Each structure stands twice: as C-alpha cells, then as structure tokens.
Amino acid sequence: MDDYNAKPDYRLLAQAISRKNGLAPYGMRNLEQGQDISQGTVKGKGYFGEVPTNQGGAMTELSSAYGQDGKLVSNPLIVPTLNKQEIDLLRMGIKPTPEIYKKAQDYAQQRIGAGQSPFASPQELRYPMPRE
C-alpha cells in the first residue's frame, strides 16, 4: 500500500530537472526529441498496475511517442485495449507490433479528446489483466 505520509524524495525531482533528452532512470518517462521537462516525467502505476516482466522486473506504462499536428504526443503502450497476447509480447521485451502502436495511439487520442492525459492518473481504478 502506498504511504502518502512519506517524505518526498527530492533526489528524483533533481534528477528529472537536470537530465537531457534520452533514457530516463527507473520510474521516470523518457524525453523524446523535441519534448521538454514540463511535459511530464514521473511514471504512474499505469492502467494495470505493475506488470511483471519475464526478466524479473516490472513495467507500468512502457512509454512511447508519436507525431500529430506537428507536435510530439507521449503515450503509454500498455493500454486497456490490448489483449493478453499483446501484453505478453511486451512482457517478454519483444518490439511492439504495429497493431500495439495503433491501439495505444487510438486510446491516447480518445483520452485526449475527452480532455484527459493519455496516461492513467493515480486516482483511476486499475483494470484487470486481459485473460484472452
């Protein structure tokens, strides 16, 4: 259970502010070319919570980005519209398929159109993992 009374770890914030484009430390989103720090950096729990990987770690969002109307839009690849086989493929560390990218972008566009972030907020309920 999350401890909301815990003191914030300002080292993580300092790390986020001082970094450049490229790979981010665990728990932080990567900055894509053309993005800046104001476009969000700390990863959340995603739509399914922590998804165990075959390598013994965990993933929550598996961030990606795509271009639209001259802007770079960051989005999670792990979205509720994926099926079990697609999530299993991502858990194995295999490159996402074009269909996974399409589903993730479509879901992001749906949320953006509703005035929401493409990423799950901490207040959102977690979805159950697909069984099929």
Side-chain angles (χ1 to χ4, degrees):
M1 176 179 263
D2 291 328
D3 181 5
Y4 294 104
N5 295 320
K7 295 195 187 270
D9 185 352
Y10 291 107
R11 293 173 301 167
L12 192 60
L13 179 60
Q15 208 174 20
I17 292 170
S18 65
R19 70 192 172 92
K20 306 278 188 233
N21 289 348
L23 292 178
Y26 179 78
M28 306 294 288
R29 289 191 186 111
N30 292 335
L31 291 178
E32 303 291 339
Q33 188 69 30
Q35 289 183 310
D36 63 46
I37 201 78
S38 68
Q39 292 173 299
T41 58
V42 179
K43 286 192 175 206
K45 294 289 185 186
Y47 294 104
F48 299 109
E50 290 189 352
V51 178
T53 66
N54 290 6
Q55 295 81 26
M59 59 184 185
T60 57
E61 297 177 343
L62 199 56
S63 301
S64 184
Y66 62 96
Q68 180 175 342
D69 301 328
K71 294 181 186 176
L72 198 59
V73 178
S74 291
N75 66 297
L77 288 178
I78 302 174
V79 295
T81 53
L82 297 183
N83 61 40
K84 182 182 183 318
Q85 292 77 22
E86 291 165 329
I87 290 176
D88 286 346
L89 184 99
L90 297 174
R91 289 170 48 144
M92 290 186 279
I94 296 173
K95 182 180 178 184
T97 64
E99 184 64 20
I100 290 173
Y101 281 115
K102 180 175 179 355
K103 285 182 177 184
Q105 290 174 13
D106 289 348
Y107 196 76
Q109 286 304 307
Q110 175 187 351
R111 287 184 57 96
I112 291 168
Q116 299 173 300
S117 167
F119 295 93
S121 74
Q123 294 79 25
E124 289 183 75
L125 295 174
R126 302 291 168 245
Y127 286 81
M129 288 295 287
R131 294 181 189 257
E132 295 182 4

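FYI, the numbering just counts along the sequence from 1. This is a predicted model, so every value here is computed, not measured.
- The backbone N or O of Lys84 lies less than 3.5 Å from no partner atom in the side chain of Arg131, so there is not a single donor-acceptor pair.
- Asp88 contributes atom CG, which lies 12.0 Å from atom OG1 of Thr53 (distance to the nearest 0.5 angstrom).
- For the atom pair CD (Glu86) and CG (Leu77), the distance works out to 11.0 Å, reported to the nearest 0.5 Å.
- Between Ala104 and Val79, the shortest heavy-atom distance links the atoms CA-CG2, 4.0 Å.
- When side chains are defined from C-beta on, Asn75 does not count as touching Ile112, because their heavy atoms never get closer than 4.5 Å.
- Side-chain contact between Tyr107 and Pro76: absent, with no pair of heavy atoms (C-beta onward) separated by less than 4.5 Å.
- Proximity of Ile87 to Pro130: side-chain heavy atoms (C-beta onward) are separated by under 4.5 Å at one or more points.
- Side chain to side chain, Gln105 and Gln68 fail the donor-acceptor criterion of an N or O pair below 3.5 Å.
- Within the 3.5 Å criterion, the main-chain N or O of Gln85 finds a donor-acceptor partner in the side chain of Asn83.
- Of the candidates Lys102, Lys103, Gln110, Asp106 forms a side chain to side chain donor-acceptor pair (under 3.5 Å) with just one, namely Lys102.
- With contacts defined as side-chain heavy-atom distances shorter than 4.5 Å, the pair Arg126/Phe48 does not qualify.
- For the atom pair Ile78 CD1 and Leu62 CG, the distance stands at 5.0 Å (nearest 0.5 Å).
- Taking every heavy atom of both residues into account, Gly46 and Glu61 meet most closely at CA-CG, 4.2 Å.
- Here OG1 of Thr81 is found 9.5 Å from OH of Tyr127. Values are rounded to the nearest 0.5 Å.
- Listed for the Arg111 side chain is a donor-acceptor partner under 3.5 Å among the backbone atoms of Phe119.
- Counting heavy atoms from C-beta outward, Tyr47 and Thr60 have side chains that stay 4.5 Å or more apart.
- For Arg91 against Pro52, the heavy-atom pair with the smallest separation is NE-O, 3.2 Å.
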